[in-house]
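Computed over heavy atoms, backbone and side chain alike; hydrogens, waters and symmetry mates excluded. In this text, all values refer to a predicted model and were calculated from it rather than measured experimentally.
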Amino acid sequence: MLEHRKEKKPKKGLKELPNAVKGKVVMRFAPNPNGPPTLGSARGIILNSEYAKMYEGKFILRFDDTDPVNKRPLLEAYDWYIKDCSWLGAEPDEVVYASDRLELYYEIAEELIRKGHAYMCFCSSEEFRILKASKKACPHRDTSPKENMEWWRSALDGELSPGSAVLRIKTDITHPDPALRDFGAFRIVDVPHPRVGDKYRVWPLLDFESAVEDHMLGITHILRGKELSDSEKRQKFIYSYLGWEYPVVVHWGRIKIHEFGRLSTSSLAKAIEEGVYGGWDDPRVPSVMAFRRRGIQAEAIRRFYLSLGVDESDISVSLENLYAENRKLIDPHAKRFFMVKNPLLVEVRGAESTVANPLVHPKRTERRKIEVRAVDGVARVYVEEDEFKQLPDGRTIRLKNLYIVRKEGDCFYHVKSEFVRGELKKKKIKVIHWAPEDGLDCLLRTPEGDYRGVCEREVANHVDEVVQFERVGFARIDCVVKEGVVAYFAHK
RNA sequence: GCUCCGGUGGUGUAGUCCGGCCAAUCAUUUCAGCCUUUCGAGCUGAAGACCCGGGUUCAAAUCCCGGCCGGAGCACCA
C-alpha cells in the first residue's frame with residue numbers, strides 16, 4: 001500500500017507559506033504614511049516580518065506614498081512607521097520610498113504604452129464608469145501607441161491639467177468582473193508632494209506602483225488584507241504583459257475591534273484635526289504609539305496577532321485578548337500602588353498616626369511606606385466617592401494595609417489596627433484601597449476618558465514604568481507635572 | 001447590478017486541501033471553589049460550537065449541490 005498521507009500535526013504559530021524556500025523569502029509591508037501605524041497596521045507589520053523571520057528571509061518596509069491629495073502623506077509619519085516597526089520587533093532590512101522612484105514607474109509605463117497595453121484616456125471618471133459598466137471600450141482605447149506616447153509625454157511635461165486624462169492599463173473590457181476592466185495606472189496631480197515637492201505631476205496609482213515595486217524588489221510573498229484581493233487580478237495583467245512572475249499572495253479578512261470599531265487612519269485623522277482627540281497618542285486612539293504609551297508591550301501585540309492567524313474570514317475581536325497577553329507579561333513585575341479615582345476625603349475618627357506597609361508586589365517581600373497622620377484622633381484618607389456612598393451605614397470594612405473602620409454617616413470610625421490572618425475572610429470584611437491625605441493628584445487617561453484621582457507620593461518615582469493601581473488596573477506612569485502625576489491606563 | 005471571498009462555543013482559534021484517531025484543540029470570557037490583607041495573577045472545577053437543507057459514503061466539521069447569513073471589490077484612495 002502506498003500511504004503517503006501528510007501527517008496531521010497540530011501546528012503552533014503561523015501556518016506554512018505556500019512555495020516558501022528558506023533564505024529566499026522576501027516580504028514587505030507597504031503602508032501609506034498618512035498617519036501613524038494603527039493596531040490594524042501592526043497586523044501587517046507583525047505578520048509579514050514574522051514570516052520573513054520564519055524563513056530567514058528579508059522584510060522590506062515600503063512607503064506607498066503616491067497620493068499627495070486624497071491620502072496625503074504626513075512627513076512625520078515616515079519615522080513613526082520606522083520607529084513602530086522596530087519597537088514591534090519588525091526591524092526592516094530595507095526601507096523604500098515610492099515617491100523616490102517615479103522615474104522607474106515612468107519607464108515601465110512607457111514600455112507598456114509602446115507595446116500597446118496602456119492608453120491615455122480622456123473620459124471623465126463618470127463617463128468611463130458608465131462605459132465600463134456596460135462592457136464598452138472607451139473611444140481612446142484604440143489610439144496608436146505612438147500617439148499615446150505623445151499624450152503621455154505631454155502629461156509629463158505638464159501640458160495636461162489634473163483630471164483631464166489618466167493612463168489606463170488594457171485588460172479585458174468585457175471581463176465578467178467589472179473590477180478587472182481597464183484600470184487606471186497614472187493620474188495627473190498638481191499638488192506638491194510632502195517629500196518631493198512639485199518635481200512630479202504624474203503620479204501612479206496603487207495597482208501600478210505596487211505591481212512594479214513588488215517585482216523590482218523581488219517580493220516572493222505578499223500578505224495583505226482581502227480588500228486588496230482584486231489588486232492581484234488586476235496586477236497580473238501587467239505582469240503577463242511584461243513577462244514577470246507574480247508573487248504568492250495570502251489574504252486576511254477584515255478585523256473589527258470591539259472597543260474601537262473599524263480602524264481607519266483617515267477618519268482618525270479627521271477626529272484629531274477636529275480636536276475630538278488630543279493627538280495620535282491619545283489613549284482613545286488605536287494607534288501603536290498610543291498602546292505603547294499605555295504600557296501595552298510589543299510582545300503582547302505580537303502574540304495577539306499570531307493567535308488570530310491569517311484567514312480570509314472577517315473577525316470581530318475584543319481587546320480583552322490583547323490585554324490578557326499583556327497582563328501575563330507585566331503582572332510579574334508591575335509594582336503595586338494605591339490610586340483613588342474620583343476621590344472623596346473622609347475622616348477616620350478615633351485613629352492614631354501610623355504608617356501603612358503594603359507589599360510592593362505580592363510575590364516579593366519589599367514594602368512601601370505610607371504615612372497617615374492623625375490630629376486629635378482624626379485621620380483623613382481618600383476613598384472612591386462612589387464606593388463610599390454605596391457603603392451602608394454601620395458597615396465595617398478594611399482600608400487595605402491600614403486598619404479596619406466602620407462607616408457612620410459621612411465618616412469612618414476606627415475599629416482596630418491589628419491585622420489577624422483569616423479574620424477578613426471569616427467575617428467577610430470587604431477590603432478597599434485608599435490614598436493618603438497628602439497624596440499626589442493623579443490624572444488617569446483611559447480609552448474611556450480621563451479621570452482625576454489621588455495616588456501615593458511614591459508613584460512619582462516610577463515614571464515610564466508600568467504599575468498596577470490596586471483594584472483599578474494597570475497603567476503606565478507617563479510623567480510628573482506640577483499638577484501631579486499623569487498615568488495612562490492599560491487595562492484591568 | 002456584476003464579480004470574488006468567507007461561515008467551528010459569547011469572542012478568537014486548531015482541525016477542512018488528503019473523510020475515520022473529532023462524543024472537536026487551545027486561548028479568551030463567564031460562573032463556582034482554593035489561595036493571596038487588593039483588582040489581577042495562580043491552582044481546581046464548570047458552562048459553551050461544527051449556519052441550514054439535501055446528496056455521496058460503512059463513515060462528513062471535512063467532499064458535492066442548493067439555500068441563508070456576513071464581508072470585500074467594481075476610484076483620477078491606499
- Task: Assess the pair A:F474 and A:H491: is the distance between their ring centroids shorter than 6.0 Å?
- Result: yes
- Query: Who is the Watson-Crick or G-U wobble partner of B:G45, with both distances under 3.5 Å?
  - Reply: B:C31
- Taking the six-membered ring for Trp, is the centroid-to-centroid distance between A:F186 and A:W152 below 6.0 Å? yes
- A:K71 NZ to B:C76 C1', in whole Å, measures 14 Å
- For B:G20, the Watson-Crick or wobble partner whose two distances fall under 3.5 Å: B:C58
- Using atom C1' of each nucleotide, how far apart are B:A59 and B:G19 to the nearest Å? 8 Å
- Note on the structure: To the nearest angstrom, the NZ-P distance between A:K492 and B:C39 comes to 10 Å
- Return the nearest nucleotide to the side chain of A:I315; candidates are B:U37, B:G12, B:A27. B:G12
- Considering heavy-atom distances to RNA chain B, does A:S307 or A:R234 have its closest nucleotide positioned more toward the 5' end? A:S307
- Item | Nearest to side-chain heavy atoms of A:R254, which nucleotide of B:C77, B:C74, B:G71 | B:G71
- Item | Separation of the P atoms in B:C4 and B:G48, to the nearest angstrom | 40 Å
- Item | Electrostatic pair A:E387-A:K430, nearest N-O below 4.0 angstrom | yes
- Just how far, in rounded Å, is P of B:U37 from CZ of A:R398? 11 Å
- In whole angstrom, give the distance that lies between atom CD1 of A:I222 and atom C1' of B:A78. 14 Å
- Indicate the ring-plane relationship of A:F63 and A:Y81, choosing parallel, tilted or perpendicular according to the 30° and 60° boundaries. perpendicular
- Message: Closest-nucleotide mapping onto RNA chain B: is A:S313 or A:R181 further toward the 5' terminus? I mean the 5' end.
- Response: A:R181
